[in-house]
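Below you'll find the structure, written out as structure tokens, and then a few comments.
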Amino acid sequence: MFEDGEDAVLVKFIFVTGGVLSSVGKGIVTASIGKILQVRGYRVSVIKIDPYLNVDCGTMNPYQHGEIFVTEDGGEIDLDLGHYERFLDINLTKDHNITTGQIYWEVIRRERKGDYLGRCVQIVPHITDEIKRRIYMIADREPIDVLLTEVGGTVGDIEGLPYLEAIRQIRLEKGYEHTMFVHVALVPILDVTGEEKTKPLQHSVNELRRIGIQPDVIVARCVRMIGKEAKAKIALFGTIPEEAVFCSYTLPCIYQAPLMLDEQGMGDYIVKRLGLAARKPDWTRWRRIVESFLDAKYEVRVAMVGKYAALADAYVSINEAIKHAAAYCNARAHIDWIEAEEFENPENLKRLSDYDGILIPPGFGARGTEGKIMAADYARRMNIPLLGICFGFQMSIVAFARYVCGLKDANSTENDPDTPNPVIDLMPEQKNVKMLGGTMRLGAQPVRLIPGTLAHRLYGGKAVVMERHRHRWEVNPKYWSILQENGMVFSGFTLDGTRVEIFELPDRYFYMGTQFHPEFKSRPGKPSPPYYGFIKACLDRRLGKPRPEL
Ligand code: GLN
């Protein structure tokens, strides 16, 4: 696990905190630092701390929280874990996400068991000890050189305090040369004068210091590269050398971020500061990937017909999966998010003919459903490439049942519990589920592909693939035969053959749906097969080519 002479004690800890505002792109900076170390041959892993009281984000509305990312082991996790997986090409687990709900749950469980007998249970040391235990557990368990931990929220939040206290203690326990604090904060530009204002950042550094943390590195988040003067000011007031101040400015492609930071000297600085051997970075592969995004020759236009259309964060993995596939096909993806409810008025469907492809994303609950069904049917009739993901898969099947199989009132029992034709129904094992947190069919499950189908070809002829799931409903087996008799092909099943995982319509240009979420495994340079098939079809159709031989 460790090289000669090394032991677990030598794992280095980097903590990333945020100031001024949330959503300043700490996740991207954290993932970028990971990449910067990885291209120098260091093995990294990442933890995300979410200071909210939910045990996980599985029960949160994506409008509130952004996308719910699903890990291989079925964790319903913050979307930043998705950035880490995509940037670093690693698979993380539930344990890589720490929430206040989990910490308190564990401490209270121990208190009830009597583990703290005779003592008063307190935030310090009991809560902070549990936080440290979870961070050390990952550091001890994995064959890594550096463990990055991103503390969610903004310095000064009440919920974040125990975490900052815990990482302050880790500095004491592990020592200066094994720990590093990186603070990411917004530097706004004043409209009137065009000046970069560092004062809010300075205040957030002061707030960190008040808690006992002196940052080692400061990353100024700004729309453009900050000037010399701002950099000097940040260094002076932050009490760090100028070479420890970096700027994360807005870029056309997020995958450029690690290169941008390393060009400013970040990698060499971090490696030196942590006492790691200086190694020459090898950016060859990553640079090639970035170029494939920036130099794309074609464009594909995709309409995403969903419910949280206004908030791009609600579908971040899907957006990225589309972009990965597009870049791989030498194209740039233009994605428009359209509220599904709009298509409840069939007049509006025409709008979809402007697009090269239609994607119906995952979803829950009845609102907007009829619009998704109408859009799926329109794509089939007009022969526009369609990809349906999870709920989108289910609604495309409802559309097919209604408008091809003639089951006019077909529906999912999620939308209409009394539908006479429940083509989509609750999975039997879900019928008695009462507790909603963490009880869906979750995480990586094997999918058996049927030879001779498009899905089988897209997955390179593999017999079985692992894909990540998050659902309670499925295609009702009672309706399999009527769907198949009318031309729908089921091209993927669970291993035991009792559950449909993929459908396709072979007589369409490209029309496919997956019960699982292939977007969670898509990586830049390694697009997910269903997304690749979809985007390739979008592009070929746009270029007036015959149906692609995928
Ligand atoms: N609501 C549907 C189900 O539970 C689809 C879920 C999803 O799209 N992730 O089966």
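Throughout, numbering of the chain's residues begins at 1 and tracks the sequence. Scope of the values below: all heavy atoms of this structure, side chains included, with no hydrogens, waters or symmetry mates. Ligands are counted one by one from 1 in listed order, and the atoms in each one are counted from 1 as well.
Here the OG1-CZ distance, from Thr149 to Arg134, works out to 11.5 Å after rounding to the nearest 0.5 Å.
A salt bridge links Glu76 to Arg470: one of the charged nitrogens lies within less than 4.0 Å of a carboxylate oxygen.
Listed by first then second residue, pairs satisfying ring-ring contact (aromatic ring centres under 6.0 Å, His included) with a partner in residues 365-417 read Phe393-Phe503, not counting sequence neighbours. Applying the ring-ring contact (aromatic ring centres under 6.0 Å, His included) test to residues at least two apart or on different chains, the pairs with a partner in residues 453-474 are His469-His471, His469-Phe516.
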Please tabulate, one line per pair, the protein nitrogen or oxygen atoms found under 3.5 angstrom from a nitrogen or oxygen of ligand 1, with distances to 0.1 Å, or say none if there are no such pairs.
from, atom 1, to, atom 2, distance (Å)
ligand 1, 1 (N), Gly363, O, 3.0
ligand 1, 1 (N), Glu414, OE1, 2.8
ligand 1, 1 (N), Glu414, OE2, 3.0
ligand 1, 4 (O), Arg472, N, 2.9
ligand 1, 8 (O), Gly363, N, 3.0
ligand 1, 8 (O), Gly363, O, 3.4
ligand 1, 8 (O), Phe391, N, 3.0
ligand 1, 9 (N), Arg470, O, 2.9
ligand 1, 9 (N), His517, NE2, 3.3
ligand 1, 10 (O), Gln394, NE2, 3.1
ligand 1, 10 (O), Arg472, N, 3.1
ligand 1, 10 (O), Trp473, N, 2.8

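Side-chain contact between Pro477 and Thr498 is absent, with no heavy-atom pair separated by less than 4.5 Å.
With sequence neighbours left out, the ring-ring contact (aromatic ring centres under 6.0 Å, His included) criterion links His83 to no other residue.
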